[in-house]
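Working notes, beginning with the structure itself.
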Amino acid sequence: MASEAESMARECVIVVIDGKRSQRMVEPLDWALKHVVRRKNIVIVVGILGDMGKKHATRCFPMNMRINISGILEKLEFSISSGHAEVNPRDLGEEIERKKEQFQAILQPFSKQCKRNEVTLDVKLAAGICPKEITLKEVENANTRWIVLDSHLKKYRMCIYWNVECNVAVMKGKDVATLMPSRATNPDNSPVSSEQADAETWPNDRSLNDQEIGNQNVIEEGESSIQQTPRGPSWYPLQFRPGFPREFLFSEIEEITNGFSDIIYQEENLEVYEGVLQNTPVIVRSVEDDEQFWSMLTILSHVRHRNILNIVGYCCSATNRLLIFDYPCLCFATKLQRDVSAINLSWRARWYIAIEIGGSLRYLHEECPDGPIVHQSVCSSNIVYSHGCSVMLCNFMRAKWYKGDVPFNGNSTGKCPNLEEDKQLYVDIHDYGLFLVELISGKVAGCFPHENEGQSLKDWALPLLESSSVTQLMDPRLADKEDDLKMVHCMARAALFCLKNDSYRSISISEVLAVVQGDQRAVLRL
């Protein structure tokens with residue numbers, strides 16, 4: 001039996017299928033075996049069961065079940081893990097047994113095909129788990145070369161794509177897939193074309209490097225075809241290009257979003273769609289709250305900073321309030337939560353991120369010509385990577401502009417709010433301090449392990465900051481280097497000033513930023 005190290009060294013293809021539909025369920029696996037799987041690869045089939053077993057949800061979900069397709073039902077090997085403890089699979093009832101039998105019957109022919117080509121077929125079923133999360137977890141635990149997504153799961157494609165460095169294929173129909181080339185650096189900047197045709201390629205199949213990437217074309221091969229995405233779109237954010245931001249017609253938005261066909265997020269008063277504008281991915285937010293829409297539009301139309309995710313445009317019709325943004329590559333909170341990406345986020349990189357986000361807050365608080373803007377939601381979940389790999393502060397849903405003569409909807413009020421601006425700005429100062437703790441600890445405030453027990457990230461971190469026990473606060477996934485420790489201590493000192501600040505001595509973001517940068521005079525003043 002292969003060792004864990006040998007398994008990690010073998011290239012892996014992850015096939016994510018919608019386990020709720022019996023017909024056409026195997027199309028992604030069939031496509032993968034024909035086009036991207038090589039001899040001796042590992043193929044992991046992840047079956048998403050959705051709401052299956054809803055009646056058992058209180059005691060068995062989230063669930064992740066591993067099945068060994070052995071050909072004999074009684075010899076199936078699997079384990080089930082819930083959010084808190086191991087669960088006896090038999091307690092899940094007849095429904096899970098039916099799913100096991102269904103998957104075994106459907107995948108049995110593929111198992112035989114894989115054995116002939118020395119390919120390991122591993123099958124896992126998941127319910128009560130977001131398809132994006134389970135896919136990213138599998139990618140992190142394997143040497144993944146390809147992800148193949150079921151067409152019914154295409155709404156997760158961009159979230160997955162910007163969190164991985166492998167190739168992604170999204171099924172469009174029988175033997176037809178849209179390819180999204182890896183973003184990882186390679187000699188010809190075309191990961192798909194770098195696939196080598198050799199003896200390791202599946203027999204009787206054309207190698208992917210025989211296919212052109214530069215054109216929007218379909219390569220026919222018998223009854224199958226591969227639909228390619230265009231190569232080399234400009235990833236320079238639209239918000240910084242000439243002519244943006246601008247007003248859009250509703251018909252233009254319909255074309256950008258393909259008739260609002262791909263919704264990626266929905267909650268009360270907000271819907272988010274994905275689309276493509278000038279060969280660049282964008283997101284379109286539909287905001288139902290009229291006052292909130294005009295507030296965001298007014299603020300963002302006056303903001304211009306390299307570390308702020310701004311609007312590309314807007315559309316205001318009788319029934320629609322829409323804002324268009326560049327599609328962010330990756331949420332910073334996700335990067336902190338995943339071990340592989342967090343390890344690659346060095347102390348120096350985290351220190352630079354602290355400076356960049358601090359700089360965006362200094363711009364909002366002190367450099368906007370028409371008065372200070374308070375973000376009110378500063379945290380790692382509201383910080384994203386742009387296509388140029390710089391971090392950007394986003395989500396201005398709760399932002400407020402403390403200026404009396406700038407109206408929300410074009411009708412001047414002529415009235416100055418005369419609020420305690422220092423107190424309002426402190427909300428951002430405090431949140432920035434908590435963000436510094438997230439950078440140092442590698443923990444996300446909203447997902448802190450002890451939050452269910454009443455202890456927040458701030459409750460845990462503040463005593464350590466006050467006692468100068470910074471090493472106990474530091475992310476254990478990173479190595480401690482002498483030069484890096486200086487940067488960590490600067491961030492820790494600034495975090496303490498932010499979180500311990502009181503109303504008798506208001507501090508500015510400029511003062512905090514100076515501490516982060518290591519200015520000893522700023523430390524003495526505070």
Side-chain angles (χ1 to χ4, degrees), residues 12-34 36-37 41-57 60-73 75-83 87 89-114 119-142 144 146-157 159-160 164 166 168-171 173-174 177:
C12 178
V13 175
I14 297 176
V15 180
V16 190
I17 62 178
D18 184 355
K20 300 192 298 296
R21 55 176 189 155
S22 55
Q23 295 182 346
R24 305 180 67 178
M25 184 173 68
V26 298
E27 286 182 359
L29 178 58
D30 185 50
W31 184 91
L33 294 177
K34 286 180 179 178
V36 298
V37 176
N41 278 178
I42 297 174
V43 177
I44 299 177
V45 177
V46 180
I48 305 298
L49 303 182
D51 295 330
M52 191 211 70
K54 214 167 189 179
K55 60 185 178 182
H56 303 295
C60 68
F61 292 111
M63 178 202 75
N64 184 7
M65 178 173 70
R66 183 175 182 274
I67 299 177
N68 178 23
I69 303 296
S70 61
I72 304 175
L73 182 61
K75 291 185 179 180
L76 285 177
E77 298 174 3
F78 53 88
S79 62
I80 300 174
S81 60
S82 69
V87 180
R90 297 298 175 185
D91 291 343
L92 298 181
E94 296 179 359
E95 192 171 3
I96 192 66
E97 293 298 325
R98 285 196 301 269
K99 279 296 178 183
K100 285 162 48 185
E101 293 179 19
Q102 178 190 15
F103 267 77
Q104 186 179 39
I106 291 175
L107 299 178
Q108 190 65 48
F110 294 100
S111 177
K112 295 177 180 178
Q113 182 183 356
C114 288
V119 169
T120 301
L121 180 61
D122 196 7
V123 183
K124 301 182 180 182
L125 304 184
I129 303 174
C130 172
K132 180 195 78 171
E133 296 302 327
I134 189 66
T135 302
L136 294 179
K137 182 179 179 182
E138 293 300 327
V139 170
E140 188 172 326
N141 295 331
T144 308
W146 277 92
I147 298 172
V148 182
L149 280 180
D150 192 304
S151 60
H152 282 205
L153 302 173
K154 67 178 182 178
K155 70 177 181 179
Y156 300 103
R157 66 189 186 275
C159 294
I160 291 173
V164 300
C166 61
V168 176
V170 184
M171 297 304 298
K174 184 175 175 58

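Each residue takes its place number in the sequence, starting with 1.
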- Would you call Ile17 and Val26 a side-chain contact if the rule is heavy atoms closer than 4.5 Å? no

- Task: Over all heavy atoms of both residues, which pair between Val43 and Leu33 is shortest? Give the atoms and the distance, please.
- Result: CG2-CD2, 4.4 Å

- Would you say the side chain of Val123 lies within less than 4.5 Å of the side chain of Phe110, judging by non-hydrogen atoms? no

- Which heavy atom of Met171 sits nearest a heavy atom of Glu27, and at what distance? CE-O, 4.1 Å

- When rounded to the nearest 0.5 angstrom, what is the spacing between CG in Leu29 and SG in Cys114? 6.5 Å

- Hey, does the side chain of Asp150 reach the backbone of Asp18 with a donor-acceptor pair shorter than 3.5 angstrom? yes

- Item | Minimum side-chain heavy-atom gap Thr135-Val46 below 4.5 Å | no

- Nearest 0.5 Å, what's the CE-NE2 distance between Met25 and His152? 12.0 Å

- Residue list, salt bridge (Lys or Arg N to Asp or Glu O under 4.0 Å) with Lys154, at least two apart or on another chain: Asp262

- For Phe103 and Gly19, the nearest pair of non-hydrogen atoms, with its separation, is CZ-CA, 3.9 Å

- Query: Does Leu153 reach the side chain of Ile48, with side-chain heavy atoms less than 4.5 Å apart?
  - Reply: yes

- If you take all heavy atoms of Cys12 and Ile14, which pair is closest and at what distance? SG-CG1, 3.8 Å

- Message: Using every non-hydrogen atom in the two residues, find where Cys166 and Thr144 come nearest and quote the distance to one decimal.
- Response: CB-O, 3.5 Å

